[in-house]
K.L.:
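Please find one structure pasted underneath; my questions will follow.
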2 protein chains.
Amino acid sequence: MPDKSDLKKAGLKTTVPRLKILRLLEESSQRHMTAEDVYRQLLDADEDIGLATVYRVLTQFEGAGLVIRHHFEGGSSVFELNEGKHHDHMVCVECGEVFEFFDPRIEERQNQVAAESDFCIDDHSLYLYGVCKGMKKNGKCSKKTV
Amino acid sequence: MPDKSDLKKAGLKTTVPRLKILRLLEESSQRHMTAEDVYRQLLDADEDIGLATVYRVLTQFEGAGLVIRHHFEGGSSVFELNEGKHHDHMVCVECGEVFEFFDPRIEERQNQVAAESDFCIDDHSLYLYGVCKGMKKNGKCSKKTV
DNA sequence: ACTATTTTGATTCTCATTATGATTTCTGGA
DNA sequence: TCCAGAAATCATAATGAGAATCAAAATAGT
Ligand SMILES: [Zn+2]
Ligand SMILES: [Zn+2]
Ligand SMILES: [Zn+2]
Ligand SMILES: [Zn+2]
C-alpha cells in the first residue's frame, strides 16, 4: 500500500530499504515492534537490510512523523506506524501484549494540569502496566490500582 | 535524618553505603536523580562508594519500596525517594527540571479505562513533556497540546 | 573477638543503539 | 548515455547504561 509518495511527503528520498520497512510496518500483523522485530521480519522475508539501517530508518521515520517511538518498561524502544490518531497504551506484563486506548477526559485533564503550572505541553506518554484479561488465572483482579 | 531503622524496616541490613545513599536521597537538593547523579554527588562529598554499588543499592531500594524508578524520555533511569504519595511528572525539555503533580480525575479514569478492558492495572506512568514557565521565550504557548 | 554470612567495589560483560568508513546507488547535467 | 558529486547503505566498531563476577571487606550474632 505505501509508496514513494508517502516518503516524499515526509521529505525523505525514495530508497528500497525505506520502502521495505514502511511496507512492513503497514502489513505486519504486529503493530508495536522493536527495531529487532522489524529486522527479523525482514530477514524472514529474505530482504537483505542491515540492522543499523533499520535503526537509522526508524529514527528518520520518527523525525518525519511517520512512526511513533515508545519506551515501555523494561528495555527496548517500540515503534508503531503513526496513523494520526493519538492513543495511549496498556501493556500486559505477563504476555507482553499491547492494548491501545484513548480517553478524552484524561487528555483534557492533562492540558488543564499543565495550564495550571504555566507548562507548555508538547508531548506526553501514558502507559498502564498490568495483567490482561487472557492472562488472569482467577477471574479477580488482586493487585491494587496505584 | 534516615537511620538504621529505615533500612531494617525495608528488610535490608545496615551498611555504610546504603545509609549514605539513603541520606543523600533525602538531603540532596535534587529530588529526581540518575544513578550517575547519585554517584557524582557521593564523590563530591568524598564518599568512596563504587558506581556498581550505587546501581545495586538503588535497585534494592526500589525492590524494597524505598525509592521509585522512572524512565523519562531519552535514556537513563531516574530515581526518587518514595514518600508514599503517588504523583506524576512534567519534564521540561529545555532546562530538564521536573515538576510533580497529582490529578485524582486522571487516576480515576485510568482505573475506569482498565476496568472496561478487564485489564488489571498494577502500575502506570504518566509523563508530560514540554517547556516550563521559566523557559518560555515569549509568554505564549506555541506548541499544540497533543 | 570469632566465624558464618552478606555486602562491597573494581572490573568485566552484555546488549541496545549509534557512529564510522568504505562501498553502492541516485541524480542531474553534458 | 556517461560521469561526477551527493546521498544512502552495509558491515563493523564504538558507545553507554546497567548487570554479573569475584576476591576482599564489613556485618551480626555468639
Ligand atoms: Zn494520551
Ligand atoms: Zn499504539
Ligand atoms: Zn498517576
Ligand atoms: Zn517525583
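Only this structure's heavy atoms are used, side chains among them; waters, hydrogens and symmetry mates stay out. Only a predicted model underlies this, so the values are computations on that prediction, with no experimental measurement involved. Chain letters run A, B, ... following the sequence lines, proteins first, then strands; residues in each count from 1.
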K.L.:
Over how many whole Å does the gap from B:Ile21 atom CD1 to C:dG9 atom C1' extend?
P.N.:
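After rounding, the gap between these two atoms is 12 Å.
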
K.L.:
Just checking, any donor-acceptor pair under 3.5 angstrom between side chains of B:His89 and B:Glu80?
P.N.:
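Yes, a side-chain donor-acceptor pair sits under 3.5 Å.
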
K.L.:
Could you state the CD-C1' distance from A:Gln60 to C:dT17, rounded to the nearest angstrom?
P.N.:
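Result: 15 Å.
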
K.L.:
Using a heavy-atom cut-off of 4.0 Å across all strands, would you classify B:Thr34 as base, sugar-phosphate, or nothing?
P.N.:
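Here B:Thr34 touches no strand at all.
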
K.L.:
To the nearest 0.5 Å, how far apart are CE in A:Met135 and CD in A:Glu94?
P.N.:
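It is 7.5 Å, given to the nearest 0.5 Å.
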
K.L.:
Roughly how many Å is it from CG in A:Leu58 to C1' in C:dA16, rounded to a whole number?
P.N.:
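Rounding to the nearest Å, CG of A:Leu58 and C1' of C:dA16 are 13 Å apart.
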
K.L.:
Counting just side-chain N and O atoms, does A:Tyr55 come under 4.0 Å of either OP1 or OP2 of C:dT17?
P.N.:
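So the side-chain polar atoms of A:Tyr55 do come within 4.0 Å of the phosphate oxygens OP1 or OP2 of C:dT17, strictly under.
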
K.L.:
Send over the distance from B:Leu42 CG to C:dT8 P, rounded to a whole Å.
P.N.:
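Taking CG of B:Leu42 and P of C:dT8, I get 12 Å after rounding.
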
K.L.:
Do the side chain of B:Asn82 and the main chain of B:Gly65 share a donor and acceptor less than 3.5 angstrom apart?
P.N.:
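Yes; at least one donor-acceptor contact below 3.5 Å.
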
K.L.:
Indicate, with a heavy-atom threshold strictly under 4.0 Å, whether A:Ser76 touches base, sugar-phosphate, or nothing.
P.N.:
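Sugar-phosphate, no base atom in range.
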
K.L.:
Please tell me if B:Thr15 has a side-chain N or O lying less than 4.0 Å from either OP1 or OP2 of C:dT6.
P.N.:
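So the side chain of B:Thr15 is outside the cut-off, no N or O lying under 4.0 Å from OP1 or OP2 of C:dT6.
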
K.L.:
Reading DNA chain D 5' to 3', which nucleotide is the first, and which the last, to come under 4.0 Å of any heavy atom in chain A?
P.N.:
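Nucleotide range in contact with chain A: D:dA7 to D:dT12.
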
K.L.:
When you compare the side chains of A:Tyr127 and A:His71, does any donor N or O come within less than 3.5 Å of an acceptor on the partner?
P.N.:
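Per modelled atom types, A:Tyr127 and A:His71 side chains form no pair under 3.5 Å.
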
K.L.:
Any side-chain donor paired with an acceptor under 3.5 Å for B:Ser28 and B:Gln41?
P.N.:
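Note: B:Ser28 and B:Gln41 side chains meet the donor-acceptor criterion.
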
K.L.:
DNA chain D: B:Thr14 or A:Lys13, which has the more 5' nearest nucleotide?
P.N.:
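Its nucleotide being nearer the 5' end, the pick is A:Lys13.
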
K.L.:
For B:Leu19 and C:dT7, give me the distance from atom CG to atom P, rounded to whole Å.
P.N.:
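Going from CG in B:Leu19 over to P in C:dT7 covers 13 Å.
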
K.L.:
Between A:Val16 and B:Ala35, which has a closest nucleotide on DNA chain D that is more 5'?
P.N.:
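Going by which nucleotide is closer to the 5' end, it is A:Val16.
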
K.L.:
About how many Å separate CG of B:Asp6 and CG of B:Leu19, when rounded to the nearest 0.5 Å?
P.N.:
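If I round to the nearest 0.5 Å, the distance is 8.5 Å.
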
K.L.:
Regarding B:Ile49, tell me which of base, sugar-phosphate or nothing describes its non-hydrogen contacts under 4.0 Å with the strands shown.
P.N.:
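Sugar-phosphate contact only - B:Ile49 comes under 4.0 Å of backbone atoms but never of a base.
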
K.L.:
If I take atom NZ in residue A:Lys20 and atom P in nucleotide C:dT25, what distance separates them, rounded to the nearest angstrom?
P.N.:
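Between P of C:dT25 and NZ of A:Lys20: 13 Å.
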
K.L.:
Ignoring hydrogens and geometry beyond distance, is a side-chain donor-acceptor pair present between A:Arg18 and A:Gln60 at under 3.5 Å?
P.N.:
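Yes, A:Gln60 and A:Arg18 have a side-chain donor paired with an acceptor closer than 3.5 Å.
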
K.L.:
When the distance from CZ of B:Arg56 to P of C:dT12 is rounded to whole Å, what number comes out?
P.N.:
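In whole Å, C:dT12 P and B:Arg56 CZ are 16 Å from each other.
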
K.L.:
Nearest nucleotide by nearest heavy atom, which residue falls closer to the 5' end of DNA chain C, A:Leu51 or B:Ala52?
P.N.:
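First, find each residue's nearest nucleotide; the 5'-ward one identifies B:Ala52.
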
K.L.:
Rounding to an integer number of Å, can you tell me how far B:Leu7 CG sits from C:dT6 P?
P.N.:
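Atom-to-atom, B:Leu7 to C:dT6, this comes out as 17 Å.
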
K.L.:
Does a side-chain N or O from B:Arg18 land closer than 4.0 Å to OP1 or OP2 of C:dT7, or not?
P.N.:
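For C:dT7, OP1 or OP2 has a side-chain N or O of B:Arg18 closer than 4.0 Å.
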
